[in-house]
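Read through the structure below, which is laid out as structure tokens, and then see the notes.
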Amino acid sequence: MKWKNIHKEMKKVQVELSQKSKSFLENLRVYLFSSGKKSDEIEEIIEELESHLIEAEQHGKPIEKIIGKSPKAYMEMVSNEMAIDFRTWFQYIVIIIFGAFSFSIFQDILAGTLSYSILEIIGHIAITGIFTFLIFLVFKYISSNDFSNMIQVVILSLIGLVPVGLFFGLHFLNKSVETPIIEFGQTGSLTIAAITLLLIIGISLWAKTGILIAIVTLLTLPEYLLGKTTLIQETQLILSTIISFGGIGLYLFISSILTKDR
């Protein structure tokens with residue numbers, strides 16, 4: 001492992017890929033990941049292609065000599081030659097659905113005991129599943145097309161509005177349609193909260209990132225703590241929103257810097 005890292009560092013010193021080649025490799029990685037391919041196989045493909053691009057650039061050849069005139073067609077060709085990793089996809093979907101539920105669980109447990117209607121439970125699972133499918137689809141679409149950063153932000157922002165609208169609709173539908181309500185009581189609520197906390201910690205250790213812990217904390221604690229103050233409700237809402245999303249943005253910014261420095 002040590003010699004492999006040394007080799008990579010020597011390669012970086014000897015040859016610096018053009019920005020065009022770097023962008024294509026990153027887009028290819030996102031495209032293959034969004035297509036449900038195995039991470040190990042993706043990295044093997046990226047490393048092999050990187051070697052070909054380095055060799056081509058050393059001889060003054062353009063990237064088109066390796067991937068052809070259509071980057072999208074090349075990505076599709078590579079993707080079609082790789083098997084879909086259904087097991088990993090299932091794991092990601094379960095993690096995303098569980099992560100979405102954990103926000104509601106901790107917000108509700110701080111407000112009192114847990115109780116959900118059957119419609120709420122089914123609705124949360126369905127909406128999270130739809131959003132997960134859409135986000136993978138959008139990442140795949142963006143990575144295979146030459147969009148500016150502004151266009152990418154607009155597309156992702158529009159997709160981000162989808163679950164907001166669906167949850168808003170679910171909220172009113174739940175008020176209009178009566179379905180059986182599951183009451184967990186104090187003991188059941190505390191047990192579910194404890195299990196959820198342990199699973200969040202386990203998922204974070206497995207994924208080697210604290211982003212889930214950070215997001216859950218920032219989305220639940222500020223609102224709860226501000227609710228204990230004498231501030232008016234409007235002020236509490238504004239402050240909790242600023243602290244929550246500002247904190248998440250700061251966390252992602254710091255994580256991005258630390259990742260680049262590795």
Side-chain angles (χ1 to χ4, degrees), residues 1 29-30 33-34 36-40 42-43 85-116 120-136 139 156 160 163-164 167 170 182-228 236 239-262:
M1 182 63 70
R29 180 182 280 109
V30 174
F33 174 77
S34 303
K37 311 305 179 182
K38 291 183 178 180
S39 298
D40 293 343
I42 292 174
E43 292 308 315
D85 186 10
F86 290 103
R87 181 179 178 182
T88 299
W89 261 56
F90 179 75
Q91 289 175 342
Y92 283 126
I93 291 172
V94 169
I95 289 172
I96 292 171
I97 291 176
F98 175 76
F101 263 112
S102 65
F103 301 145
S104 297
I105 289 172
F106 283 113
Q107 284 179 333
D108 294 339
I109 198 67
L110 291 174
T113 56
L114 301 178
S115 63
Y116 301 107
E120 280 183 293
I121 296 173
I122 295 175
H124 271 75
I125 294 175
I127 292 171
T128 307
I130 290 170
F131 179 63
T132 302
F133 174 77
L134 285 177
I135 204 69
F136 274 106
F139 280 154
L156 291 172
V164 175
F167 278 119
L170 177 63
I182 301 176
E183 298 277 356
F184 292 96
Q186 186 174 7
T187 302
S189 297
L190 291 175
T191 301
I192 291 174
I195 293 173
T196 302
L197 179 60
L198 290 174
L199 287 174
I200 287 177
I201 294 173
I203 290 172
S204 298
L205 292 173
W206 172 75
K208 297 180 181 179
T209 175
I211 186 169
L212 185 56
I213 295 176
I215 291 177
V216 170
T217 302
L218 289 166
L219 286 179
T220 54
L221 275 186
E223 182 180 354
Y224 173 73
L225 294 175
L226 287 170
K228 299 294 183 180
Q236 291 180 23
L239 287 177
S240 65
T241 301
I242 293 174
I243 294 172
S244 294
F245 290 97
I248 291 172
L250 180 62
Y251 175 86
L252 294 175
F253 176 72
I254 294 174
S255 296
S256 176
I257 293 176
L258 294 175
T259 300
K260 289 180 180 179
D261 291 341
R262 288 176 184 173

Partners meeting side chain to side chain contact (heavy atoms under 4.5 Å, CB included) with [X] (sequence neighbours left out):
{"X": "Leu239", "value": "Leu226, Leu231, Thr235"}
{"X": "Ser244", "value": "Leu219, Pro222"}
{"X": "Ile182", "value": "Ile118, Ile121, Phe184"}
{"X": "Leu190", "value": "Gln186"}

Heavy-atom closest contact ([X] atom, [Y] atom, distance):
{"X": "Ile127", "Y": "Leu170", "answer": "CD1-CD2, 4.0 Å"}
{"X": "Gly227", "Y": "Gln236", "answer": "CA-OE1, 3.4 Å"}
{"X": "Tyr116", "Y": "Ile105", "answer": "OH-CA, 3.6 Å"}
{"X": "Glu120", "Y": "Ser115", "answer": "OE1-O, 4.3 Å"}
{"X": "Ile213", "Y": "Ser204", "answer": "CG1-OG, 3.4 Å"}

(Q) Run the side chain to side chain donor-acceptor pair (under 3.5 Å) test against Glu43 and tell me which residues pass, sequence neighbours left out. (A) Arg29
Atom [atom1] in [X], atom [atom2] in [Y]: separation rounded to 0.5 Å?
{"X": "Ile201", "Y": "Thr196", "atom1": "CD1", "atom2": "OG1", "result": "11.0 Å"}
{"X": "Leu199", "Y": "Ile192", "atom1": "CG", "atom2": "CD1", "result": "11.5 Å"}
{"X": "Ile200", "Y": "Leu205", "atom1": "CD1", "atom2": "CG", "result": "12.0 Å"}
{"X": "Thr220", "Y": "Gln107", "atom1": "OG1", "atom2": "CD", "result": "6.5 Å"}

(Q) Can you confirm if the aromatic rings of His124 and Phe167 lie within a centre distance of less than 6.0 Å? (A) yes
Q. How far apart are the C-alpha atoms of Leu197 and Phe106, what are their side-chain angles, what is the distance that settles it, and do they pass the side chain to side chain contact (heavy atoms under 4.5 Å, CB included) test?
A. CA-CA 9 Å; Leu197 179 60; Phe106 283 113; 4.0 Å; yes
Q.
Tyr224: which residues meet the ring-ring contact (aromatic ring centres under 6.0 Å, His included) condition with it, sequence neighbours left out?
A. none
